[in-house]
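The figures that follow rest on heavy atoms only: side chains count, while hydrogens, waters and symmetry mates do not. Predicted, not measured: the structure shown is a model, and the values here were computed from it.
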Amino acid sequence: MKLKKIIFLLTLSQFIFVFTKAQTSLVMGKVVVFDSIPVVNANITVKSTKETFKTNHLGVFECECNEKDKLIVTAKGFSKYTIRVKKKSNELIAKLKLAKIPKVDDIAIDKGHILMVDTFKELAKKYSSQKNYSKYTSFIDIIRNEFPSLQISNGEIIIRGKSSFYGSSAANIEIDGVMTDYAALSNLSPTNIAKIVIVKGSDAAIYGVRGGNGVVRVITKK
């Protein structure tokens, strides 16, 4: 009787082991910053098992996890990133963002996460001057909240105040160096806007006559 019980328990444990194995799969992924720079020695933690793996010199990792598992990606100088594993996941991509702390680029480099140092520093400097407008639903929403002194009237953005003459008071619109019109603003996604500059007064003189009512200059994330 005791022998039968032992055999049953062994069979059951073997079945559970095989069943669990069948539910797991080997997944590959890559961790990058600024869309293309590999993040080296990043920690990849499998939520279900708490096992941790590291990315190699190309930012690539391999790990075994369950279907619909979660992988937690962490690295010094970067915000935490969660990858949701899907049933038919091919290569998983984690696009990290720099943490909002002082000298964050130096921290990431000092901790050995970045090998492409020059390119990384150049992009870190570029993106540090960009604003995050993703919380807004449209360009007009941005103007109303970020630039309350500007007026929006009859499809025009007015910087200087309405003119007493019959001529238009509308500011000119420039997107990535190209003069355009108010209608073009509706095609801009707030998440793709890097910077908005209001050019007025003597600063607008570089635009000649067109700068008379000021210029709303928009720089996108190219």
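Residues Val215 and Arg210 form no side-chain contact, since every pair of their non-hydrogen atoms from C-beta on lies 4.5 Å or further apart. Between Asn145 and Tyr133 there is no side-chain heavy-atom pair separated by less than 4.5 Å. Counting heavy atoms from C-beta outward, Tyr182 and Ile152 have side chains that approach closer than 4.5 Å. Side-chain contact between Leu71 and Cys63 is present, with heavy atoms from C-beta onward closer than 4.5 Å. Counting heavy atoms from C-beta outward, Thr52 and Ile72 have side chains that stay 4.5 Å or more apart. Side chains of Met116 and Phe34 form no contact here, defined as non-hydrogen atoms less than 4.5 Å apart. Taking the side chain as every heavy atom from C-beta outward, Phe78 and Val33 approach each other to under 4.5 Å. Phe61 is not listed as a side-chain neighbour of Asn56, based on a closest heavy-atom distance of 4.5 Å or more.
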Steps toward side-chain contact (heavy atoms from CB on, under 4.5 Å) verdict (Glu67, Val85):
CA-CA 6 Å; Glu67 292 176 0; Val85 180; over 6 Å; no
Report the C-alpha separation of Asp106 and Lys121 in whole Å, then their side-chain angles, then the decisive distance to 0.1 Å, and conclude whether the side-chain contact (heavy atoms from CB on, under 4.5 Å) test is met.
CA-CA 9 Å; Asp106 291 332; Lys121 280 190 169 183; 4.2 Å; yes
Would Ile198 and Val216 satisfy side-chain contact (heavy atoms from CB on, under 4.5 Å), going step by step from the backbone distance to the final call?
CA-CA 5 Å; Ile198 306 303; Val216 177; 4.1 Å; yes
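In the hydrophobic cluster analysis, where Ile, Leu, Val, Met, Phe, Trp and Tyr join through side-chain heavy atoms closer than 4.5 angstrom, Leu115 is grouped apart from Val104. Under a hydrophobic-cluster definition in which Ile, Leu, Val, Met, Phe, Trp and Tyr are linked whenever side-chain heavy atoms come within less than 4.5 Å, directly or via other members, Val73 and Leu26 are assigned to different clusters. Cluster membership check: Tyr136 shares its hydrophobic cluster with Ile175, using side-chain heavy-atom separations under 4.5 Å among Ile, Leu, Val, Met, Phe, Trp and Tyr. Val199 and Leu188 are members of different hydrophobic clusters when ILVMFWY side chains are connected at heavy-atom separations under 4.5 Å. Using a 4.5 Å cut-off between side-chain heavy atoms of Ile, Leu, Val, Met, Phe, Trp and Tyr, with links allowed through other members, Ile101 and Ile114 fall into the same hydrophobic cluster.
By the neighbour-count criterion of 12 heavy atoms within 6.0 Å, atom NZ of Lys97 is sparsely surrounded, having that number or fewer from other residues, nucleotides or ligands. Within a 6.0 Å radius of CD in Glu146, more than 12 heavy atoms belonging to other residues, nucleotides or ligands are found. Heavy atoms of other residues, nucleotides or ligands lying less than 6.0 angstrom from NZ of Lys80 number 12 at most.
Here the NZ atom belonging to Lys195 is positioned 13.5 Å from the OG1 atom belonging to Thr220, to the nearest 0.5 angstrom. Residue Arg84 holds its CZ atom at 12.5 Å from CG of Leu92, rounded to the nearest 0.5 Å. Taking CD of Glu62 as the reference point, atom OG1 of Thr55 lies at 12.5 Å (rounded to 0.5 Å). If you take CD1 on Ile83 and CG on Asp69, they are separated by 11.0 Å, rounding to the nearest 0.5 Å. Taking OG1 from Thr45 and NZ from Lys50, the interatomic distance works out to 8.5 Å, rounded to the nearest 0.5 Å. Note: Lys131 NZ to Ile193 CD1 = 11.5 Å, rounded to the nearest 0.5 Å.
Heavy atoms only, all atoms of each residue included: Ala75 and Val39 are closest at CB-CG1, 4.2 Å.
Put simply, the residue from Asn192, Thr191, Asn187 that forms a side chain to side chain donor-acceptor pair (under 3.5 Å) with Ser189 is Thr191.
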